[in-house]
Amino acid sequence: MDFALNDDQRAIQDAARAFAQDLLLPNSAEWDETKHFPVDVMRQAAEMGFCGIYTGEEHGGLALGRVEAAIIFEELARGDVSVAAFISIHNMATWMVDRFGSDDLRGRYVPSLTTMETIASYCLTEPGSGSDAAAMRTSAVLQGDEWVLNGSKAFISGAGTSDVYVVMARTGEPGPRGISAFVVDKDAPGLSFGAQEKKMGWNAQPTAIVQFDDCRIPAANLLGKEGDGFRYAMMGLDGGRLNIAACSLGGARLALETAQDYVTTRKQFGKALAEFQNTQFKLADMATDLEAARLMVLRGAWAIDTDHPEKTKWCAMAKRLATDACFQIADEALQLHGGYGYLKDYPLERIVRDLRVHRILEGTNEIMRVITAREMLRQ
């Protein structure tokens, strides 16, 4: 076992850390307040390869592993959780097109996705299905040389702004085997978007319903094989769960660092808060939980990179533990600030709001427990 990053990984970490420190962190509060989607800054991240992290080199990706991705997303999220999370979603959609698309699809879409000239969204969740993703009702019917899509997708990050939508829709029998995946352009006839959702957090990215009303796309925009879409989606979600977990690490790390600085200067009853044993115990527990969560995330990433047979279980375990623990760390950091933590002058309330949704998306943490138990009982 080797817990040290190699030279390349340290260089990647340093680059992501500098980018987040210089371009994300100074703007994070304003973007949250004004609900600004910083496409220009994300495209600067793309210039560093951060929008095609594990996409192949043929069309501009870095072809790195999931361990490197976890390192990058933790650093980006320390600068801005919401922006880092959207970049992770864009990476997932880009990877799906590159991994499962035909040569034609890959050539048409992947080069502009890796530069983020084209922005991508991932469309799985529906208003009526939620955690039961395989019960989706959005349909796709082949008519001549076109697929015709009908239905809707909910809680879609980037909806209305993104240029490309990777969409799962039913083409056959009930259940997961009847689902296929498609690439849908923003200007496809019959595609529309709902009003922007008013959210607790993740305000630096747009979220809305994606609606398909006899939406017509070329037959060639089928991603991979008909009926394999749900399998592709689940493979994407193994990595997506780790990405969101890594984003939780970054947010929690900033919260812990902010709290540590605060308690060394804030005085009560004649001495710094850091001198009270209760404060020291809190900091120790927060630091320990953060480190434990990071180790779980990196093991899950290693499992994907090595195609370990238990990768799905380990990714689910890592997502559940990291997002729960990191939310608690952020909440404890806010508590250590007392009333000041509740004010927007400090980043704590924003981090708490942003991290809360990580326990819901990419599969709720209750579903992570279902997946973990199911994999355990198969043995």
Those residues at least two apart in sequence (or on a different chain) that pass ring-ring contact (aromatic ring centres under 6.0 Å, His included) with Tyr342 are none
Listed partners of Arg66 passing side-chain contact (heavy atoms from CB on, under 4.5 Å), at least two apart: Tyr54, Trp95, Ala301, Ile304, Asp305
Would you compute the distance between atom CD1 of Ile71 and atom CG of Leu76 and round it to the nearest 0.5 angstrom? 12.0 Å
Sidechain N-carboxylate O distance under 4.0 Å for Asp40, Arg43: no
Any donor-acceptor pair under 3.5 Å from Asn221 side chain to Val183 backbone: yes
Is it the case that the side chain of Thr115 and the backbone of Glu117 share a donor-acceptor pair, with hydrogens and angles ignored and the cut-off at 3.5 Å? yes
Whether the Asn243 and Asn91 side chains hold a donor-acceptor pair (N or O, under 3.5 Å, no angle test) is what I'd like checked. no
Heavy-atom donor-acceptor pair, Arg106 side chain to Gly101 backbone, under 3.5 Å: no
CZ-OG1 distance between Arg170 and Thr138, expressed to the nearest 0.5 angstrom: 9.5 Å
Donor-acceptor under 3.5 Å (Glu75 side chain, Ile72 main chain): no
Should Asp104 and Arg108 count as an ion pair when the cut-off is N to O under 4.0 Å? yes
Under a plain distance cut-off of 3.5 Å, with no hydrogens placed, do Thr207 and Lys199 share a side-chain donor-acceptor pair? yes
Side-chain contact, heavy-atom cut-off 4.5 Å: Lys271 with Lys267? no
Who passes side-chain hydrogen bond (donor to acceptor under 3.5 Å, both in side chains) against Glu257, sequence neighbours left out? Arg78, Arg253
Set out, in order, the CA-CA distance, both residues' side-chain angles and the distance that settles salt bridge (Lys or Arg N to Asp or Glu O under 4.0 Å) for Lys186 and Asp163, then state yes or no. CA-CA 5 Å; Lys186 183 179 181 180; Asp163 307 288; 5.5 Å; no
Please determine whether a side-chain nitrogen of the Lys or Arg among Glu332 and Lys282 lies less than 4.0 Å from a carboxylate oxygen of the Asp or Glu. yes
Sort out for me which residue in Val184, Val166, Ile156 forms a side chain to side chain contact (heavy atoms under 4.5 Å, CB included) with Cys123. Ile156
Ala4 backbone acceptor or donor facing Asp2 side chain under 3.5 Å: yes
Any heavy-atom pair between the side chains of Val263 and Phe276 that's under 4.5 Å? no
With sequence neighbours excluded, tell me which residues meet side-chain hydrogen bond (donor to acceptor under 3.5 Å, both in side chains) with Thr125. none
Quick one: do Met286 and Tyr340 end up in the same hydrophobic cluster if we chain Ile, Leu, Val, Met, Phe, Trp and Tyr together by side-chain heavy atoms under 4.5 Å apart? yes
Any chance CD of Gln280 has more than 12 other-residue heavy atoms, nucleotides or ligands included, within less than 6.0 Å? yes
Could you tell me whether Glu197 atom CD has more than 12 heavy atoms of other residues or ligands within 6.0 Å of it? yes
Between Ser157 and Gln205, do the side chains contain an N or O donor and an N or O acceptor separated by less than 3.5 Å? yes
If you measure only the distance, is there a donor-acceptor pair under 3.5 Å linking the side chains of Arg350 and Ser28? yes
Roughly how far apart are Asp145 CG and Arg216 CZ, rounded to 0.5 Å? 9.5 Å
Set of salt bridge (Lys or Arg N to Asp or Glu O under 4.0 Å) partners for Arg99, sequence neighbours left out: none
May I have all residue pairs that pass ring pair (Phe, Tyr, Trp, His ring centres under 6.0 Å) and include part of residues 218-258, sequence neighbours excluded? Phe100-Tyr232
If hydrophobic clusters are built from ILVMFWY residues whose side chains come within less than 4.5 Å, do Leu254 and Val83 share one? yes
Taking Leu142 as the starting point, is it possible to reach Val167 by hopping between hydrophobic residues whose side chains are less than 4.5 Å apart? yes
Does any pair with a residue in residues 306-334 pass ring pair (Phe, Tyr, Trp, His ring centres under 6.0 Å), and if so which ones, sequence neighbours excluded? Trp302-His308, His308-Trp314
Roughly how far, to the nearest 0.5 Å, is OG of Ser88 from CZ of Arg241? 13.0 Å
Are Leu62 and Val110 linked, directly or through other ILVMFWY residues, by side chains that come within less than 4.5 angstrom of each other? yes
What distance do Thr265 atom OG1 and Gln260 atom CD have between them, rounded to the nearest 0.5 Å? 11.5 Å
Could you pull out all residues at least two apart from Gln211 that satisfy side-chain hydrogen bond (donor to acceptor under 3.5 Å, both in side chains)? Asp213
Does atom CZ (Arg137) have a neighbourhood of more than 12 heavy atoms from anything else shown, all under 6.0 Å? no
Pairs satisfying ring pair (Phe, Tyr, Trp, His ring centres under 6.0 Å), at least one member in residues 104-160, at least two apart: Trp147-Phe182
Set of side-chain hydrogen bond (donor to acceptor under 3.5 Å, both in side chains) partners for Asp32, sequence neighbours left out: Asn203, Arg353
Check which hydrophobic residues are tied to Val148 through side-chain heavy-atom contacts below 4.5 Å, counting indirect links as well, and list them. none
First locate atom NE2 of His90, then atom CD1 of Ile87, and finally report the distance between them rounded to the nearest 0.5 Å. 9.0 Å
With no hydrogens and no angle check, do the side chains of Asn150 and Asp214 hold a donor and an acceptor under 3.5 Å apart? yes
Test side chain to side chain contact (heavy atoms under 4.5 Å, CB included) applied to Phe37 and Val41, Val39, Thr34, the passing residue: Val39
For Asp331, check salt bridge (Lys or Arg N to Asp or Glu O under 4.0 Å) against everything at least two apart and list the hits. none
Under-4.0 Å salt bridge between Asp238 and Lys311: no
Is any NZ, NE, NH1 or NH2 atom of the basic residue among Arg294 and Glu74 found under 4.0 Å from an Asp or Glu carboxylate oxygen of the other? yes
Worked check of ring-ring contact (aromatic ring centres under 6.0 Å, His included) between Phe193 and Tyr165: CA-CA 12 Å; Phe193 309 96; Tyr165 298 83; 5.4 Å; yes
Could you go through the side-chain hydrogen bond (donor to acceptor under 3.5 Å, both in side chains) check for Asn365 and Asp324 one step at a time? CA-CA 8 Å; Asn365 284 5; Asp324 278 348; 2.8 Å; yes
